[in-house]
Amino acid sequence: MARVENKTAIVTGGGSGLGAASSELLAREGAAIVVTDVNAEAAEQTANVIRQRGGKAISLEHNVTEQGRWQEVVAATTSEFGDLDILVNNAGISGTGGGPMEDVAFEDWKRVMDINLDAVFIGCQEAIKAMKVSGGGSIINISSIMGIVGGAGAAYNASKGGVRLLTKSVAAYCGANGYNIRCNSIHPGYIWTPMVRNIVQFVEDLATEDDLRRMLIEKHPIGRLGIPEDIANGVLFLSSEESSFMTGSELVIDGGYTAV
Ligand SMILES: NC(=O)c1ccc[n+]([C@@H]2O[C@H](COP(=O)([O-])OP(=O)(O)OC[C@H]3O[C@@H](n4cnc5c(N)ncnc54)[C@H](O)[C@@H]3O)[C@@H](O)[C@H]2O)c1
């Protein structure tokens with residue numbers, strides 16, 4: 001029996017990086033996937049890969065900051081595949097890659113909060129409404145090591161720290177109400193995705209992506225950066241019954257970044 005057989009998952013930001021890898025792995029382990037992304041073409045590409053490998057997937061254009069669209073996405077999911085069992089709140093941005101605290105524009109701060117934190121709140125709310133009537137589910141919020149320690153930039157850190165504690169509140173609320181909905185966060189170290197490669201333009205003294213890569217590897221005791229599949233494995237675990245005693249937890253997958 002596959003590890004998430006007969007389950008249905010929504011993965012936001014599923015058109016790239018961690019979201020694409022998580023969608024593909026959940027599908028390989030038996031789940032039907034609704035791949036959503038603000039970039040509709042990218043979402044469809046992931047869904048297409050899944051279908052070509054014999055899995056079940058559809059794609060939907062979805063800006064996670066729009067509450068009305070969330071309701072449509074959940075409705076489309078249940079009408080296509082039945083009950084919603086898994087939500088992976090993965091979509092996120094790095095903003096200006098941090099930048100000096102004194103220089104961050106307030107508009108940039110608000111945009112990062114909107115996508116990285118407010119949208120996760122909306123997603124949790126809509127998932128709870130759907131999952132509580134179908135008997136339960138698992139919500140996985142992609143936070144960051146930057147939600148545990150400071151460093152990358154004020155807005156990004158604050159948004160990911162917010163996701164960490166929002167997750168615990170959702171877990172406590174759902175538990176207290178007997179909803180059988182688990183909610184956990186994942187805290188990736190640096191994973192070599194378009195989001196991270198993009199940082200090079202914001203860091204002084206870094207000429208190339210190779211310079212960035214070398215600088216980042218040094219911060220991970222394990223001696224390498226992560227790959228999207230490292231995080232997808234965590235998503236799969238938290239989606240499956242293997243993690244049935246976990247809720248409100250922080251799953252740190254960071255090659256030792258926060259250990260030193
Ligand atoms: N890559 C890392 O090192 C790393 C580390 C820690 C946490 N994270 C988190 O993991 C998540 C995925 O990051 P990634 O590295 O795969 O990034 P990525 O840039 O490769 O992919 C992010 C996806 O989110 C989508 N997206 C952006 N804004 C959106 C919006 N408003 N609505 C819907 N979709 C939107 C993008 O179109 C893109 O497909 C993010 O939340 C990020 O903060 C990444």
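Counting convention: from 1, in listed order, for ligands and their atoms alike. Fair warning: this is a prediction, and the values are worked out from it, not measured in the lab.
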Name the closest protein heavy atom to [atom], giving the residue it belongs to and the distance to 0.1 Å.
{"atom": "atom 8 (N) of ligand 1", "value": "Tyr156 OH, 3.6 Å"}
{"atom": "atom 25 (C) of ligand 1", "value": "Asp37 OD1, 3.4 Å"}
{"atom": "atom 12 (C) of ligand 1", "value": "Asn90 OD1, 3.2 Å"}
{"atom": "atom 22 (C) of ligand 1", "value": "Gly92 O, 4.0 Å"}
{"atom": "atom 4 (C) of ligand 1", "value": "Gly189 O, 4.1 Å"}
{"atom": "atom 24 (O) of ligand 1", "value": "Gly13 CA, 3.5 Å"}
{"atom": "atom 14 (P) of ligand 1", "value": "Thr193 OG1, 3.6 Å"}
{"atom": "atom 16 (O) of ligand 1", "value": "Leu18 N, 2.9 Å"}

Among [options], whose heavy atom sits nearest [atom]?
{"atom": "atom 3 (O) of ligand 1", "options": "Ile93, Ile191, Asn141, Asn116", "result": "Ile191"}
{"atom": "atom 31 (N) of ligand 1", "options": "Val38, Asn63, Thr12", "result": "Asn63"}
{"atom": "atom 2 (C) of ligand 1", "options": "Ile115, Val196, Asn89, Asp254", "result": "Val196"}
{"atom": "atom 17 (O) of ligand 1", "options": "Arg111, His62, Met195, Arg69", "result": "Met195"}

Taking the side chain as C-beta and beyond, is there a heavy-atom pair between [X] and [Y] under 4.5 Å?
{"X": "Ile142", "Y": "Asn89", "answer": "no"}
{"X": "Val35", "Y": "Val11", "answer": "no"}
{"X": "Glu29", "Y": "Lys7", "answer": "no"}
{"X": "Leu25", "Y": "Asn233", "answer": "yes"}

Near [X], which atoms of ligand 1 are under 4.0 Å from a heavy atom of that residue?
{"X": "Ala91", "result": "24 (O), 33 (C), 34 (N), 35 (C), 41 (O)"}
{"X": "Tyr190", "result": "3 (O)"}
{"X": "Ser16", "result": "18 (P), 20 (O), 21 (O), 38 (C), 39 (O)"}
{"X": "Gly17", "result": "16 (O), 20 (O)"}
{"X": "Pro188", "result": "5 (C), 6 (C), 7 (C)"}

As a test of understanding, state which of [options] forms a side-chain contact (heavy atoms from CB on, under 4.5 Å) with [X].
{"X": "Leu60", "options": "Glu72, Arg69, Glu44", "answer": "Arg69"}
{"X": "Ser143", "options": "Asn184, Leu117, Val163, Leu251", "answer": "Val163"}
{"X": "Thr8", "options": "Ile33, Thr78, Thr77, Ile86", "answer": "Thr77"}

In terms of side-chain geometry, is the basic nitrogen of [X] or [Y] positioned less than 4.0 Å from the acidic oxygen of its partner?
{"X": "Arg214", "Y": "Asp211", "value": "yes"}
{"X": "Arg111", "Y": "Asp118", "value": "no"}
{"X": "Arg182", "Y": "Glu241", "value": "no"}

Problem - Donor on one side chain, acceptor on other, Asn141 and Ser185, under 3.5 Å - result: no
Problem - Between Asn63 and Thr65: side-chain donor-acceptor atoms closer than 3.5 Å - result: yes
With a 4.0 Å cut-off on heavy atoms, is [X] in contact with ligand 1?
{"X": "Ser94", "value": "no"}
{"X": "Ser143", "value": "yes"}
{"X": "Trp192", "value": "no"}
{"X": "His187", "value": "no"}
{"X": "Pro194", "value": "yes"}

Handout entry: Exceeds 12 heavy-atom contacts within 6.0 angstrom, atom CZ of Arg164
Key = yes
